[in-house]
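In what follows, a single structure is set out as structure tokens and then discussed.
Please read these numbers as outputs of a predicted model, since none were measured by experiment.
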Amino acid sequence: MRKQRRYCKFCSDKVDYIDYKDVKILSSFVPEGSKITPSRISGVCSTHQRKLSRAIKRARQLALLPYTPD
């Protein structure tokens, strides 16, 4: 039995810029442990994974997302 191939959510929606102020989208890629989900688990392509991690780090700097779990 083969696993279903994951697809990039951002490529399918044709997103060029991942906004760091959009906490709802970013929080879906940061689980309870406050680590950024790797691309092999989230299914995001490498280009968007780099943009996503940059946006998460910027949101953490501005205290929109937590660094550590509560």
Side-chain angles (χ1 to χ4, degrees):
M1 190 162 98
R2 290 177 85 175
K3 285 189 174 182
Q4 186 176 3
R5 181 169 165 80
R6 295 186 188 268
Y7 61 94
C8 181
K9 174 183 175 183
F10 301 110
C11 285
S12 63
D13 294 341
K14 295 185 170 130
V15 174
D16 290 330
Y17 179 70
I18 300 172
D19 194 13
Y20 65 91
K21 294 173 276 185
D22 196 355
V23 179
K24 187 175 181 182
I25 291 176
L26 297 179
S27 62
S28 64
F29 292 98
V30 181
E32 298 246 345
S34 294
K35 289 188 174 184
I36 300 172
T37 306
S39 61
R40 68 176 187 274
I41 295 173
S42 64
V44 179
C45 69
S46 60
T47 306
H48 286 112
Q49 179 69 22
R50 285 190 294 271
K51 292 179 182 180
L52 179 68
S53 64
R54 190 177 306 130
I56 290 172
K57 290 172 186 176
R58 285 180 181 169
R60 285 177 173 169
Q61 280 278 308
L62 295 172
L64 299 174
L65 288 174
Y67 278 102
T68 57
D70 292 334

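Within the model, atoms CZ of Phe10 and CD1 of Ile18 stand 4.0 Å from one another, a figure rounded to the nearest 0.5 Å. Atom CZ of residue Arg60 and atom OG1 of residue Thr68 lie 9.5 Å apart, to the nearest 0.5 angstrom. Atom NZ of Lys51 is separated from atom CG of Asp19 by 13.0 Å, given to the nearest 0.5 angstrom. Here the CG-OG distance, from Leu52 to Ser28, works out to 8.0 Å after rounding to the nearest 0.5 Å.
If you chain together hydrophobic residues whose side chains sit under 4.5 Å apart, Tyr67 and Tyr20 never meet in one group.
Heavy atoms only, all atoms of each residue included: Ser27 and Leu65 are closest at CB-CD2, 4.3 Å.
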Please list, one pair per line, the donor and acceptor atoms closer than 3.5 Å that link side chains of residues 34-46 to other protein atoms, with sequence neighbours excluded.
from, atom 1, to, atom 2, distance (Å)
Thr37, OG1, Phe29, O, 2.9
Ser42, OG, Pro38, O, 3.2

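Each of Val23, Leu64, Val30 was checked for a side chain to side chain contact (heavy atoms under 4.5 Å, CB included) with Ile56, and the lone residue meeting it is Val30.
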